[in-house]
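Shown next, in structure tokens, is the structure this report addresses.
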Amino acid sequence: MSLNSIPVIAIDGPSASGKGTIAQLVAKTLGFHYLDSGALYRLVALKALQTNVNPKDENKLVEIALNLDVSFEEEEIFLENNRVTEDIRTEECGIMASQLASYPRVREALITRQRAFRQSPGLVADGRDMGSVIFPDAILKVFLTASSEVRAERRYKQLIEKGINANIRDLQKDIQKRDERDSNRSVAPLRQNTDARLLDTTSLSILQAQNSVLEWYREYCANVRV
Ligand code: CDP
């Protein structure tokens, strides 16, 4: 199977929209690989925070992105052999990730790494630019969103479950700020592209959202066979 015939489902959307949860479930159901592209930006952020790199030092951040020694094993993430699965989920890391994600050269430095996840029998990738930049030939592109109130609640629950302290009002403010930064940057801004299908999960359960994506995928498969 040539690389480009390996199907990709791209799920993009704003912070805490639930795209990670849905993408993982869809990948599991189809037996596909999974790419959490945001984790890569968060890993660059974590390494920068650990080594006191100034968030404005683009050259250093590019260097970190190019040399990132990271491995994804099942649900766990390792940075230089240290388990950092929870460490990268803090709001501090998320905010720093969103800042450094606005540098075109940092984004470029992560492209090859992201495309390497495209392996048989298929890939579900979630992020902000999966359908627009990284996998423009994805067979299905979904823009998954929800109201900022619902997203703040979801993020709150997620953090508390992980034992990370959180305040719902601060989270909502952070989410709005992050939306603004992610939507207004000049490179790979967060927006629904014309070829992406909108999935608003404000009043959908996880199962309903997952089923919508699977139905669209099956529709695609049925059409290809005709
Ligand atoms: O979990 P959450 O949706 O808040 O964020 P994430 O997907 O873990 O990504 C963290 C940050 O990385 C986002 O705020 C984006 O600015 C950035 N990012 C990006 O620019 N492009 C991607 N493909 C994925 C994440």
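When a ligand or atom number is given, it counts from 1 through the structure's own listing order. One is the number of the first residue; the rest follow in order along the sequence.
In this structure, the protein non-hydrogen atom closest to atom 17 (C) of ligand 1 is Ala101 CB, 3.7 Å. Given atom 13 (C) of ligand 1, the protein heavy atom at minimum distance is Arg128 NH2, 3.2 Å. Of all protein heavy atoms, the one closest to atom 9 (O) of ligand 1 is Gly38 CA, 3.5 Å. When only non-hydrogen protein atoms are considered, atom 12 (O) of ligand 1 lies nearest to Tyr41 CB, 3.5 Å. The protein heavy-atom contact nearest to atom 3 (O) of ligand 1 is Lys19 NZ, 2.9 Å. From the protein, the heavy atom lying nearest to atom 4 (O) of ligand 1 is Ser15 OG, 2.5 Å. Scanning the protein for heavy atoms near atom 16 (O) of ligand 1, the closest one is Asp182 OD1, 2.8 Å. Looking only at protein heavy atoms, the nearest one to atom 11 (C) of ligand 1 is Ala97 CB, 3.8 Å.
Salt-bridge formation is not detected for the pair Arg191/Asp12: no Lys NZ or Arg NE/NH1/NH2 atom is positioned less than 4.0 Å from an Asp or Glu carboxylate oxygen. Checked for salt-bridge contact, Asp36 and Arg42 miss the test: no charged N lies under 4.0 Å from a carboxylate O. Taking the charged nitrogens against the carboxylate oxygens, Arg118 and Asp137 do have a contact shorter than 4.0 Å, which makes a salt bridge. Taking the charged nitrogens against the carboxylate oxygens, Arg197 and Glu219 do have a contact shorter than 4.0 Å, which makes a salt bridge.
Side chains of Thr90 and Glu92: a donor-acceptor N/O pair is absent below 3.5 angstrom, by distance only. A side-chain N or O of Thr29 and one of Gln210 form a donor-acceptor pair less than 3.5 Å apart. Looking only at atom types and distance, the side chain of Asp182 has a donor-acceptor partner in the side chain of Ser98 under 3.5 Å away. Side chains of Asp126 and Tyr34: a donor on one and an acceptor on the other come within 3.5 Å.
Looking at ligand 1, you won't find any N or O of Asp36 less than 3.5 Å from one of its N or O atoms.
The closest approach between a heavy atom of Arg181 and any atom of ligand 1 is not below 4.0 Å. Heavy atoms of Gln99 stay at 4.0 angstrom or farther from ligand 1.
No part of Ser17 comes within 4.0 Å of ligand 1, judged by heavy-atom distances.
Listed by number with element, the atoms of ligand 1 under 4.0 Å from a non-hydrogen atom of Met130 are 23 (N).
Among Gln158, Arg155, Arg107, Arg151, the residue whose heavy atom lies nearest to atom 2 (P) of ligand 1 is Arg155.
Counting only residues at least two apart or in different chains, salt bridge (charged side-chain N to carboxylate O under 4.0 Å, His left out) contacts with residues 152-167 comprise Glu91-Arg155.
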